[in-house]
Amino acid sequence: MSDPIDISLSRRGFLAAAAGGLIASAADPAAADPAPPAAATRPVAVASANGLASVARAFELMRDGTDPLDAAVAGVAIVEDDPNDHSVGFGGLPNEDGVVELDASVMHGPTHKAGAVAALRNIRNPSKVARLVMQRTDHVLLVGEGALRFAKAHGFKEEELLTDEARRMWLRWKERLSEDDDWLPPEDSGGGPRTRAKGRQDHVYGTINCCAVDAAGNIGGVTTTSGLAYKIPGRVGDSPIIGAGLYVDNAVGAAGSTGRGEANLQNCSSFLVVELMRAGKSPQDACLEVLRRVADHAEPRLRDSKGRPTFGLSLYAVAKDGRYGSANIWSGTKFAVVDAAGARLEEAAFLYKKD
Ligand code: GLY
């Protein structure tokens, strides 16, 4: 694991942070990591691994004085617009009926305001609609038809979000779903008409989260997704739920998530990461602690023979002072980060090494 900046606070770092109001609920400084404080810098942004271009864009914008939330939204819009990313926006994988339904949330540290949309159809940039919910309504979350009408009222254009490639992936899933329905895969697809019974193998949870801190220490965050592939229509994951898929507290930091949204909804993961940072944990340690909680709470049907969760879940966090970190339940995951050293992918910390 390489995480050159994200270390636990030293006694000196802890006291400095506490004096600066970063730590409201003080942990025992004597128990803190004795390693020297890292040279964290600002601006900084973290994102899921599909967000390398996003953090680079967010950094450029923040360096030029753009608000951190606007910078993060501009960053993730690159991925929402990308037909080759099947986890977000245009080209996202659809629900079980073949219809793309998008979820997104934003949170703005300086105002502590939030906005979100869920099960939004036909609009490729749900993060921008979520920002408008925050800016132009007295609400936090709009869903389905109401969210679409709100987007159209603000001039967003409806379009078909299901690309040919995503449709073919959905069709392949549907044709192999069951031995007992009338959908047949092509004869030349190998292994006869049906190659497997219904399973979860094709159920992928893609998403992009981006959390950004500007040079002044102001924070913004966004999470946007097409959600669980082939979900039941109307299913809403963690991404548009403040506290689950995203949380920002301008006095402390921000956290967001990708992966199995149901696990985040059951554990309020992003809120908890921020609260653990408030109590003195480093971003990476806060992410790991929450993942331990998620693993402890995993249902028996979602555990392997060693009792470990069978699903993946990543958490990303930034602290107000510029430290950052990420962790996944399983090894082998990267995350995107940008700071004065440039945009790069780093290895995330993990709970369990893949066998
Ligand atoms: N984390 C994305 C989802 O579960 O919808």
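Side-chain atoms are counted along with the backbone in the values below, which use heavy atoms only and exclude waters and symmetry mates. Every number for a ligand or one of its atoms is a count from 1 in the order of the listing.
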Practice item. Check whether any side-chain heavy atom of L313 lies under 4.5 Å from a side-chain heavy atom of V294, and answer yes or no. Key: yes

Practice item. For residues E96 and W173, determine if any side-chain heavy atom of one lies less than 4.5 Å from a side-chain heavy atom of the other. Key: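 Yes, close enough: below the 4.5 Å cut-off.
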
[X] heavy atoms, cut-off 4.0 Å: which ligand 1 atoms fall inside?
| X | result |
| --- | --- |
| G227 | 5 (O) |
| S239 | 1 (N), 2 (C) |
| G259 | 1 (N), 2 (C), 3 (C), 4 (O) |
| L228 | 5 (O) |

Check your understanding: Any idea which protein heavy atom is nearest atom 5 (O) of ligand 1, and the distance to it?
Key ->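 Nearest neighbour among protein heavy atoms for atom 5 (O) of ligand 1, to 0.1 Å: R235 NH1, 2.7 Å.
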
Check your understanding: Does the N or O separation between S257 and ligand 1 drop below 3.5 Å for any pair?
Key ->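 No: no nitrogen or oxygen of S257 is under 3.5 Å from one in ligand 1.
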
Exercise for review: Would you check whether G237 has a nitrogen or oxygen atom less than 3.5 angstrom from a nitrogen or oxygen atom of ligand 1?
Suggested key: no

Check your understanding: Are E165 and R168 within salt-bridge range, i.e. N to O under 4.0 Å?
Key ->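 Between R168 and E165 there is no salt bridge, as every charged N stays at least 4.0 Å from the carboxylate O atoms.
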
Review point. Is any side-chain N of the basic residue among D214 and R42 closer than 4.0 Å to the acidic one's carboxylate O?
Key: no

Check your understanding: When N50 is tested against each of D85, T207, T258 for side chain to side chain donor-acceptor pair (under 3.5 Å), which residue passes?
Key ->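 Exactly one option meets the side chain to side chain donor-acceptor pair (under 3.5 Å) with N50, and it is D85.
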
Check your understanding: Angle class for the H112/Y247 ring planes (parallel below 30°, perpendicular above 60°, tilted otherwise)?
Key ->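 Plane angle over 60°, so perpendicular.
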
Revision key, fill the gap. In terms of its nearest heavy atom to atom 2 (C) of ligand 1, the top option of V88, T207, D103 is T207

Exercise for review: Report the part of N264 in contact with ligand 1, treating N, CA, C, O as backbone and CB onward as side chain, heavy atoms under 4.0 Å; options are side chain, backbone, both, neither.
Suggested key: neither

Check your understanding: Does a donor on one side chain sit under 3.5 Å from an acceptor on the other, for D103 and S239?
Key ->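 Judged by distance alone, the side chains do not pair up.
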
